[in-house]
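Each chain gets a letter, A, B and so on, in the order its sequence line appears, and its residues count up from 1. Only a predicted model underlies this, so the values are computations on that prediction, with no experimental measurement involved.
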Amino acid sequence: MTSTACFMIVSRNDIPIYEAEVGAAPKKEEAVHQHQFILHAALDIVQDIAWTTSAMFLKSIDRFNDLVVSVYVTAAIHTRLMLLHDSRNDDGIKSFFQEVHELYIKSLLNPLYLPGSRIKSSHFDTKVRALARKYL
Amino acid sequence: MEPDVSIETSCMIRIAVLPIGQIAPSLFRDYVSMLDRHQKIDLSTINSFYTEHQKSPFSNQPWESGSLRFKFMIGGSPPSPWEDFQSNRKIHAVIGICHCPSSPDLNSVTEQFQAACKPYAAAIVHRCFAFCPADSQLEQHDNKKEGSLIMFPPADRQTLEFHLQTIVQDIAASLLMGFENWVLQAESGGTILKTPLDSQASLVSEEVIKAKKRRLGRAQKTIGDYCLLSGSPVDANAHYSTALELSRLTGDYFWYAGALEGSVCALLIDRMGQKDPAVEDEVKYRYNSVILHYRKSFIQDNAQRVSPLSFELEATLKLARFLSRRVQAKEVVELLTTAADGGKSLIDASDRLILYIEIARLFGTIGYQRKAAFFSRQVAQLYMQQENRLAAISAMQVLAMTTKAYRVQSRASTMKNRPQSEIDVDQADNSKMHHHLVVSLFESQWSTLQMVVLREILLSAVRAGDPLAGWSAAARLLRSYYPLITPAGQNGLASALANSAERLPSGTRCADPALPFIRLHSFPLHNSQIDIIKRNPAREDWWAGSAPSGPFIYTPFSKGESTNNCKQELIWIVGEPVQVLVELANPCGFDLNVDSIYLSVHSSNFDAFPISVNLAPNSSKVIMLSGIPTEVGQVKIPGCIVHCFGVITEHFFKDVDNLLLGAAQGLVLSDPFRCCGSGKLKNVSVPFISVVPPLPLLVSHVVGGDGAVILYEGEIREIWISVANAGTVSVEQAHISLSGKNQDSVISIAYEALKSVLPLKPGAEVTIPVTLKAWQLGSADLENLNKNSHGNLARQAKDGSSPLLMIHYAGLLNPGESSAYGRRLVTPLNICVLQGLSFVKARLLAMEIPAHVGDNPPSVDQMDGGLTEVVDDSESKTDKLVKIDPYRGSWGLRFLELELSNPTDVVFEIGVSVQLENCNDKNSAVVNGDISEYDYPKTRIDRDYTARVLIPLEHFKLPVLDGNFLIKDYSTNAPASSKSSSFSEKNMKAELNASIKNLISRIKVRWQSGRNSSGELNIKDTIQAALQTSVMDVLLPDPLTFGFRIAKSITEVVTGSDVQNNSSAVKGSVVANDMTPMEVLVRNNTMDTIKLSLSITCRDVAGENCVEGNKATVLWAGALSGVKMEVPPLKEIKHAYSLYFMVPGEYTLLAAAVIDDASEVLRARAKCKLLDEPIFCRGPPFHLRVNGTL
């Protein structure tokens, strides 16, 4: 399991709808902020790269210091699953993204969930963290 | 590292620009801006200043197309250790700028300038520009003729600029000549060129030949640099090629990379203005090589002291800048990411600062705003580490630039960028908003980042000592992210706001609102007293059609009009105060003191009144803001001005509306109003408000108090309504009308009282009397009354059952005005009707009082109605009532008994009066008019008691039994009725009903309670119901009437007058054991002749028949039974007989008749069902007293 990992789901209009620190390292508030800043900045790159490839999984598109940003773009470009990590386990990250994508689709199918609003489901959170332990 | 590097930097001549003497910064900036235009000097323009002393080393100087480039270093720059390596880093010239009026002594200026030039040893040209010299200074200057000081005589700007241009061209020529000199010297003599990279050790150990070659190569590279500076790329390229060759041979990678960089610059300058993809590729290729060689030149042993890393990064940035112009985002991003990685190992903090600044700028140029913001924030963090005020200011400014990317801009900056019209549109059309628009409002809401950025801005502003920026940041932080901040943090922000405000001058305005949240609650409707009505000038009743009339909310006819004013419209009047309700919310955990809050109106025709409010933690409050419109026109209310935390801010309703919309969509963290416990409110949009000129204003009150008038059912009372003009314009027209329920309870209104005082001047008052009559309470009302007997008065007065008095009034109509307005004053006539006397039931009672048989034959009429009127007129009317003459008796006397109960707590007195129609005045005592009224004695009903009131009904008997009234029965008996009969039937029925009504209307039951309550009981319906069944009996006389009398002797009959006189003596004196001649009178009341057989019986006290049977005590002579007779219509027939009473005592005489061949009328009257049923007609009993023999 990687020591640092920050996972975020960014919805249409660049609104973050889910965020989780899934790394094993002890969490510091400053670091969490920095992680989100890096992910936020990486959106600029995602928006260009997403159109250049048909793949949904964009490997390490950005980095800052030792931290790498991997992105998984859903088919409609509206939703981006972004992971900031310090390991280079591409396969694991890809599996992680695929499984989380499935989870995300499930929550989208919930008729009570308004697309574009924050995902508050604790079930979703638990599952994502379990997947992070499994793959990262 | 240096900021703002690009490939072309290598060909720029650096000129230090220094302020000399006293000079105001703004002036200095102004002079520099003039200088700044001459960054590029074409070689062709300096031809005239160029004097060739020797052969120019720049053989390929492009005099026609080339140019020199200047880079003005404002305020100078410290010498760089790398000047030898890159000649463009040297300061080649120094320009001093002096403002003569502030430094009068030119000598000292010269001295100061010379001192300032000292540090710039490499400078070839020194010039001091003296602006705006006085005449004396000019003279002084002329005398001295000193070279470096140049005077700019006062002139207009254009002349000055031209003058400056000439001087700069002169400088350029001098520089060019200087460079030529330098190059000639360098070519001849060996100059030692060193960089900090060259260690002492390497000098010792290097081989001599290699060192010489290396020196040669370095010299060639430097000559190339000078060629570039002189604007001769071809010459430069030639020297660079040599340098490249030499340094490659000697393994001098650092200089190799430098020469390569120079050659790229030469290439670019040479191909200036050409877009050649091949050149681009060449530049990319060569620069990658440059970067590689800089990296190669890294020497481990002096890495602690100095490193070529900064050159590698600079080269990366130069390439990135070059590519960014060609929009090759991907490569630029890669280069910049690499550069950012390299930044970690930079030793110097300021180098890293410059690197991050440059990265941020480059990301900005390729449109990666978020990346730019990220690196800007890194820069700000580096600044913040410096812990000084200037750095904090820089940090604050850099962070302010990031706010756009992080969407935490100050409203001041967004307002500036938006055109005013857009704002107007936004404010006008905020009612409808689609989901995606709502979402776009909250684009990029990364609350965590936003909070961090705002906190950093706050921190840097505090350090930088900028209280306004700090206040603004704290306000944005508190307003937008209060749900994410702990109560302690909220308190901290509140104190930060207060602290900042302390350092600000009072009355400071800030574009960013803090707390509270303000939303529009409602516009209170006009008080009904001051309703405004649009005037329809075409009509006399100008108010008609302005308010929806009729039962429908929507009428197809009004549709056309309503299209243009689809929005709610509000009319305010100049000079009359108006109120607007707004709701404030304080979702934070501290007490919020709003020093003042008032409506913000941009149209400047409105005076708003400030108020101050205190909001407890987590509370919301609806407050009323008021103001006075001052001018005719439109009023727009976009929000409120709030003075809170020591700063004045404007809060827009629209912002909060958007926020609430976002909260509803789950896009915003929290709804500030809901978390304060305030309910959900409909989105209120600001209506279109227009201000109209002053109107008259009537106010009304009921004289004697505005409380409800409490009336008992049926009570009649007069009230006075006082109407005063409280406006500033006189009332010219006024019209009173009624509306609402129970309008008929208003009996009269004195319209003329109002009309007569028009025009009603301001301040004038008029009193209008109105007469009211309380209505009857319905059954539902009564139920309510019974349910809750207390506290219902107010409710009843409110529930709208009272009528409304409406006065439409207006001032003078100006002919020019298109839309004039009038007003409507609605005065509710608050009537509270109490249950008064309540009617329990009504019934008809029959009363039989047998008449005495006397000498005096009772008249026919008196036989019918037992009631007699006392003949004496002098007696008061009240004594005339039900007095029964014992000799006439009363048969068929009927009373209408009304049972009334008094549930109230006052005493009622009931008086019954009957209007009598004196149609036949033969026997009527009252002769003084056709219609007379009889008042019966008053009946008093105590509280909670029930009483019965008797109303005698005899007077209503008709004199003749006519068939007319019985047609109904007749027709039912004969079903085969013709059409004509049905017609007449209808007619007759109507007549009957009319006569019943007539009867009822003559009975009036009036009541009085206390001194001033009086009214009439409305019991018509009940009487009618009671009468309906027995109306025949009441109204119609019997077909036959019977009477008995004692027959007189003939002489007595002749002298009837005597009998009359002494009748009292003999009256009723029948003596036993004596033959008593008697007569029975049979009268036919019908219009037909009746055949009948009469029989007479006599009963004693015990009711035994004493004429027939075993114990007959009465003997008779003549026929007593089966007397056949025929009575002509409306005539009477006497039948004489004699009785002999053997026992004295009371006897009762009864006459009865069986009618033969009864007509239909009779049959109907008798209500017999069968055709052959005999009709039996019975007369009233007559008493006869038989005295014993004396």
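- In this structure, no portion of B:Thr402 lies under 4.5 Å from any heavy atom of chain A.
- The aromatic ring centroids of A:Phe64 and A:Phe37 lie 6.0 Å or more from each other.
- For A:Phe96 and A:Tyr72, the gap between ring centers reaches or exceeds 6.0 Å.
- Of the two parts of B:Phe375, only the side chain, counted from C-beta on, holds a non-hydrogen atom closer than 4.5 Å to a non-hydrogen atom of chain A.
- With a 4.5 Å cut-off on non-hydrogen atoms, A:Ile49 does not touch chain B at all.
- A salt bridge does not link A:Lys127 to A:Glu102: none of the charged nitrogens lies less than 4.0 Å from a carboxylate oxygen.
- A ring-centre distance under 6.0 Å is not found for A:His85 and A:Phe7.
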